[in-house]
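Structure first, then comments.
We count residues from 1, following the sequence as given. Just so you know, these numbers come straight off a predicted model, no measurement behind them.
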Amino acid sequence: MDGNVRFASVCLALVILQAGFGAYGVIYTKLAKGTEVEPLIFCFYRDGGCAPVLFLLSYFLEKRLLVPQVSDLGLFVAMGGIGMFGGQLFYIIGLINTTPDTASMFQPLTAVLCTIVAILMKVEKVPKLSERTGLAKVVGICLATLGALIMTYSKNSKHSDVSKDEKSKIGEPNLFGILCLLGNITTSSVWVVMQKKYIFNNPESRWRQFPINVTAWSYFFGALWMALASTYYINDHDKFHIRSKNVLYCLIYAIFVTSALCYGLITWCNMQVNASFVTASWPLQVVFCLTLSYIFLGETLTVVEVFSGLLIICALMAVTWSNYNERKPRIVNGKLLR
C-alpha cells in the first residue's frame with residue numbers, strides 16, 4: 001500500500017473508532033443507565049465475548065492465529081490487566097457515576113497524557129518547538145483538548161439549569177466517578193505506549209505485523225482478569241443475570257463495535273503511526289458524543305459548542321499535517337533521512 005494511501009487509511013480509521021467510542025456513552029445512557037447491572041460483570045461478558053470474535057478475525061484477516069510463548073505471557077497479562085481490565089472497568093463505573101458528556105470530557109486528556117508517557121518511556125522524542133512540525137503537534141493537541149473541555153463545560157452548564165426530573169434522568173457527576181475516569185485515561189495511555197514500545201517498535205517481536213492477534217490476546221487475558229475479579233460475586237448468582245433487553249443490546253454493541261472494531265483499529269493504527277498521533281484523535285469523541293446526544297437524547301447545541309467542535313477539527317488537522325510531514329524523508333547535511 002502506498003504511503004499516502006496508508007496514512008489516509010489511518011486517519012479514516014481513527015475517525016471511525018472515535019465515532020464508535022462516542023456513540024457508546026450515548027447508547028449506554030439511552031438504554032441501560034439506571035438499570036440493575038453490575039459493572040464488573042458487564043465488563044466480564046464484554047471481554048469474554050469479544051476475545052473469540054477477535055480470534056476469528058485474526059484467523060481470517062491475518063491468515064494465522066499466533067499463540068503466546070512463555071516469554072510473551074508477562075507482556076500480554078500486563079496489557080490485558082491495564083488496557084482491558086483496568087481501562088474498561090474504570091470507564092463503565094465512571095460513566096455510571098457521571099454523565100456521558102463528563103465521561104467524554106476526560107477522553108481528550110488521553111492525547112496529552114499519552115504524549116507525556118511516550119516521552120517518559122523513550123518511545124517518542126520531545127517535540128521541537130523551533131520546528132514547524134513540532135510546534136503544530138504540540139499546539140494542535142493542546143487546542144483540541146481545550147476545545148473538548150470548553151465544549152463539555154458548556155454542556156454541563158446547561159445541565160445545571162434543567163429541572164430536577166431531567167437531572168435525575170441525566171445524572172450528576174461525583175468525585176468517585178471522576179477518579180474512575182482519570183484511571184481510565186491513564187490505563188488507556190499506558191496500554192497504547194506499551195504496545196508501541198514492546199511490540200511494534202521491537203524488531204525482534206513476532207507480533208509486529210499482526211495487530212488483530214495482539215488485540216485478541218489482550219482481550220483474552222483481560223477476560224481472565226475480569227473472571228478472577230468476578231469471583232467476588234460467586235455466591236450472588238443474581239449479579240450474573242442480565243434481565244434487561246436494553247442492557248443486552250448495549251453488551252452486543254460493546255462486544256462488536258467498541259471492543260472488536262474500535263480496539264482493533266487502535267492497535268492497527270498504532271502499528272502504522274506513533275502513539276501520540278493515535279491518541280490525538282480522542283477529542284473527536286466529544287464531538288461525536290455531543291452530536292449523537294443532540295439527535296438521540298434531545299440535547300441542544302449552542303454557538304460555543306459548535307465553535308469548540310470546529311476548533312477541535314482544525315487543531316487535529318494541524319496534528320495530522322505535523323505527523324504527515326514527519327513521515328516524509330528529509331535531506332539534512334546532504335544525507336537522506338527517513
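Placement of Leu265 and Leu12 within a single hydrophobic cluster is found when ILVMFWY residues are connected by side-chain heavy-atom separations under 4.5 Å, directly or transitively. Connection of Leu113 to Phe90 is not established within any shared hydrophobic cluster, with ILVMFWY side chains joined at heavy-atom distances below 4.5 Å, either directly or through further cluster members. Residue Phe42 is grouped with residue Tyr232 when hydrophobic side chains (ILVMFWY) are merged at heavy-atom distances under 4.5 angstrom, including chains of intermediate members. With hydrophobic clusters built from ILVMFWY side chains whose heavy atoms lie under 4.5 angstrom apart, Leu54 shares a cluster with Ile266. Leu228 and Leu89 are assigned to two separate hydrophobic clusters, defined by single-linkage of ILVMFWY side chains at heavy-atom distances under 4.5 Å.
Around the OH atom of Tyr253, the shell of radius 6.0 Å holds more than 12 heavy atoms that belong to other residues, nucleotides or ligands. Heavy-atom contacts from other residues, nucleotides or ligands closer than 6.0 Å to CZ of Arg208 number more than 12.
Ring pair Phe220/Trp217 is perpendicular by interplanar angle, where above 60° counts as perpendicular and below 30° as parallel. By the 30° and 60° cut-offs, the orientation of the rings of Phe21 relative to Tyr263 is perpendicular.
At least one donor-acceptor pair closer than 3.5 Å links the side chain of Trp225 to the backbone N or O of Val77. Not a single donor-acceptor pair under 3.5 Å links the side chain of Lys239 to the backbone N or O of Ile234. Side chain of Glu62 to backbone of Ile212: a donor-acceptor contact under 3.5 angstrom is found. In this structure, Thr133 contributes its side chain and Ser322 its backbone to no donor-acceptor pair below 3.5 Å. Proximity of a side-chain donor or acceptor of Lys196 to a complementary backbone N or O of Asn201 within less than 3.5 Å is not detected. When atom types are taken as modelled, the side chain of Asn213 and the backbone of Leu66 share a donor-acceptor pair closer than 3.5 angstrom. Without hydrogens or angle criteria, Thr215 side chain to Pro211 main chain gives a donor-acceptor distance under 3.5 Å. Of the possible donor and acceptor atoms, none in the side chain of Asp47 sits under 3.5 Å from a partner among the backbone N and O of Phe44. Of the possible donor and acceptor atoms, none in the side chain of Ser205 sits under 3.5 Å from a partner among the backbone N and O of Asn202. Under a 3.5 Å cut-off, the side chain of Thr187 and the backbone N or O of Asn184 do form a donor-acceptor pair.
For the pair Cys11/Val15, no side-chain contact is recorded, criterion being any heavy-atom separation below 4.5 Å from C-beta on. By the 4.5 Å heavy-atom criterion applied to side chains, Thr267 and Trp191 are counted as neighbours. Inter-residue side-chain proximity for Ile199 and Val214 is flagged as met; some heavy-atom pair is nearer than 4.5 Å. Residues Ser230 and Ile41 are in side-chain contact: their nearest non-hydrogen atoms beyond the backbone lie under 4.5 Å apart.
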ask   = Can you list the steps and then say if Asp72 with Arg206 is a side-chain contact (heavy atoms from CB on, under 4.5 Å)?
value = CA-CA 10 Å; Asp72 300 324; Arg206 65 192 184 101; 3.6 Å; yes
**Asked** Would Thr110 and Thr279 count as a side-chain hydrogen bond (donor to acceptor under 3.5 Å, both in side chains) if you check the C-alpha gap in whole Å, the side-chain angles of each, and the deciding distance to 0.1 Å?
**Response** CA-CA 6 Å; Thr110 305; Thr279 55; over 6 Å; no
- Task: Give the intermediate values and the outcome of side-chain contact (heavy atoms from CB on, under 4.5 Å) for residues Arg132 and Trp321.
- Result: CA-CA 10 Å; Arg132 289 188 300 171; Trp321 174 85; 3.9 Å; yes
Query raised in the report: Between Asp238 and His241, is a side-chain contact (heavy atoms from CB on, under 4.5 Å) present by the stated rule, with each step listed?
Result: CA-CA 5 Å; Asp238 289 340; His241 295 164; 3.9 Å; yes
| Derivation of the side-chain contact (heavy atoms from CB on, under 4.5 Å) call for Val319 and Phe277 | CA-CA 7 Å; Val319 177; Phe277 182 59; 3.8 Å; yes
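Smallest separation of non-hydrogen atoms from Val192 and Cys114: CG1-SG, 4.4 Å. Nearest heavy-atom pair across Thr115 and Ala111 is OG1-O, 2.8 Å. Contact detail for Cys50 and Ala260: the closest heavy-atom pair is SG-N, 3.5 Å. Shortest non-hydrogen contact noted between Pro283 and Ile312 is CB-CG2, 3.7 Å. Residue Val287 comes nearest to Thr291 through the heavy atom pair O-OG1, 2.8 Å, listed as atom of the first residue, atom of the second, then distance. Closest heavy-atom contact between Leu135 and Leu129: CB-O, 3.8 Å.
Within the model, atoms CG of Leu75 and CZ of Phe221 stand 10.0 Å from one another, a figure rounded to the nearest 0.5 Å. Taking CG of Leu120 as the start and CD1 of Ile116 as the end, the distance is 7.5 Å to the nearest 0.5 Å. The line from CG of Leu224 to CZ of Phe76 is 13.0 Å long, rounded to the nearest 0.5 Å. If you take CD on Gln88 and OG on Ser188, they are separated by 9.0 Å, rounding to the nearest 0.5 Å. Residue Cys289 holds its SG atom at 12.5 Å from CG of Leu284, rounded to the nearest 0.5 Å. The CD1 atom of Ile242 sits 12.5 Å away from atom OH of Tyr249, with the distance rounded to the nearest 0.5 Å.
Between Phe240 and Tyr233, the ring center distance fails the sub-6.0 Å criterion. For Tyr198 and Trp207, the distance between ring centers is not under 6.0 angstrom.
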What pairs of donor and acceptor atoms, side-chain ones from residues 137-147 against any protein atom, are under 3.5 angstrom apart with sequence neighbours left out?
| from | atom 1 | to | atom 2 | distance (Å) |
| --- | --- | --- | --- | --- |
| Lys137 | NZ | Glu124 | OE1 | 3.3 |
| Lys137 | NZ | Ser276 | OG | 2.9 |
| Thr145 | OG1 | Ile141 | O | 2.8 |

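Under the 3.5 Å distance criterion, with hydrogens and angles disregarded, no donor-acceptor pair is assigned to the side chains of Arg64 and Ser58.
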